[in-house]
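All values derive from a computational prediction rather than experimental measurement.
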Amino acid sequence: MTRPGLTSDPAEAEGLQGELAPRVELNDRLDPVRRVAGADIAYEIGGDRLWAAVCVLDATTLSVIEVARFEGVATFPYVPGLLSFRELPALLACFEALRRPADLVVCDGNGILHPRRLGVASHLGLLLDVPAIGCAKNQLLGTAGSLGLARGDHAPIEEAGEHVGDALRTQPGVKPLYVSPGHRVSFATARAWVLKLAPTYRQPEVIREADQEVRRMRAAATGA
DNA sequence: GCGACAG
DNA sequence: ATCTTGTCGC
């Protein structure tokens with residue numbers, strides 16, 4: 001009943017992450033990027049329904065090319081460190097509905113900036129064998145060096161003596177984003193793409209589009 | 001033991 | 001994640 005690389009049993013999740021994490025690739029292995037996808041999910045307030053969307057943008061114009069949607073129910077609880085088990089079933093359904101695959105995926109969450117180096121972006125990238133980047137709004141763990149206030153300034157985030165991601169300022173004087181490689185992407189490439197995808201706002205356009213889409217879906221299904 | 005903890 | 005839009009302030 002469960003896809004390979006996933007489990008609906010929280011007790012098995014950590015062990016699975018331990019098996020998958022060694023397969024994550026931190027070197028650049030991507031084709032020319034034309035289609036960049038952003039994925040996000042919105043949850044029902046007093047229930048377990050959820051709405052997921054993947055928005056594919058033209059990497060050059062940042063205009064929306066395709067959108068895939070999925071409406072379902074949350075079957076896994078939110079546990080820090082196990083987010084991918086809660087969100088991947090819905091996100092994978094969206095990616096399978098795309099007419100053409102994305103060349104690069106940006107997830108709302110972390111890549112290897114994770115206790116077992118397998119955040120949602122790494123887990124997704126591995127299961128779909130697609131280049132992926134983790135882009136979180138809050139720092140899950142580690143210690144970040146100080147960074148300047150200019151757009152593009154960044155500082156490494158380390159944990160247990162390892163470089164696991166970077167704090168990246170996408171807009172002057174605004175709180176940084178926490179970027180980390182998901183799969184098949186290096187630290188520098190991950191930062192470069194997030195910066196390129198966020199020319200105007202703090203968050204990359206692909207994530208903003210996906211976020212707006214899932215909110216519209218929830219509003220339409222709920223009301224208000 | 002205590003606190004922290006992506007979305 | 002979610003309650004919530006415009007508004008006050010640097």
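Rounded to the nearest 0.5 angstrom, A:Arg69 CZ and A:Arg216 CZ are separated by 7.5 Å. Atoms SG and CG, on A:Cys94 and A:Leu92 in that order, are 9.0 Å from each other to the nearest 0.5 Å. The line from CG of A:Leu113 to CD of A:Gln139 is 7.0 Å long, rounded to the nearest 0.5 Å. Atom CD1 in A:Ile207 sits 9.0 Å away from atom CG in A:Leu197 (nearest 0.5 Å). Between A:Cys135 atom SG and A:Asn110 atom CG the span is 9.0 Å, to the nearest 0.5 Å.
Among the atoms of the strands shown, only primed sugar atoms or phosphate atoms (P, OP1, OP2) are found under 4.0 Å from some heavy atom of A:Tyr43. Across all strands, A:Ile45 comes closer than 4.0 Å only to sugar-phosphate atoms, never to a base (heavy-atom distances). Counting any heavy atom pair closer than 4.0 Å across all strands shown, A:Leu91 reaches no nucleic acid atom. The residue A:Gly134 sits apart from the nucleic acid: no heavy atom pair falls under 4.0 Å. At the heavy-atom level, A:Asn110 lies under 4.0 Å from base atoms of the strands shown. Counting any heavy atom pair closer than 4.0 Å across all strands shown, A:Val79 reaches no nucleic acid atom.
By the 4.0 Å N-to-carboxylate-O rule, A:Glu213 lies too far from A:Arg218 to be salt-bridged with it. Salt-bridge formation is detected for the pair A:Asp129/A:Arg29: a Lys NZ or Arg NE/NH1/NH2 atom is positioned less than 4.0 Å from an Asp or Glu carboxylate oxygen.
Figure legend: cation-pi geometry between A:Arg49 and A:Tyr43 absent, as NZ or CZ is not positioned both under 6.0 Å from the six-membered ring centre and within 45° of its axis.
Atom P of nucleotide C:dT2 and atom CZ of A:Arg86 are separated by 11 Å, given to the nearest angstrom. In this structure, the CD atom of A:Glu44 is 12 Å from the P atom of C:dT2, given to the nearest Å.
Consecutive Watson-Crick or G-U pairs involving DNA chain C, each under 3.5 Å on both distances, never reach a stem of three or more pairs.
Tested against A:Glu66, the residues A:Arg100, A:Arg35, A:Arg34 include a single salt bridge (charged side-chain N to carboxylate O under 4.0 Å, His left out) partner, A:Arg35.
Applying the 4.0 Å criterion to OP1 and OP2 of C:dT2, one finds that A:Arg218 has a side-chain N or O inside that range.
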Produce the list of close N/O pairs, under 3.5 Å, pairing protein atoms with atoms of nucleotides 4-6 of chain C; give distances to one decimal.
none

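Panel note: side chain A:Asp58, backbone A:Thr60; a donor-acceptor pair is recorded below 3.5 Å.
Side-chain contact check for A:Asp28 and A:Ser186: at least one donor-acceptor pair (N or O, by modelled atom type) lies under 3.5 Å.
Where DNA chain B meets chain A (any atom under 4.0 Å from a heavy atom), the bounding nucleotides read 5' to 3' are B:dC5 to B:dG7.
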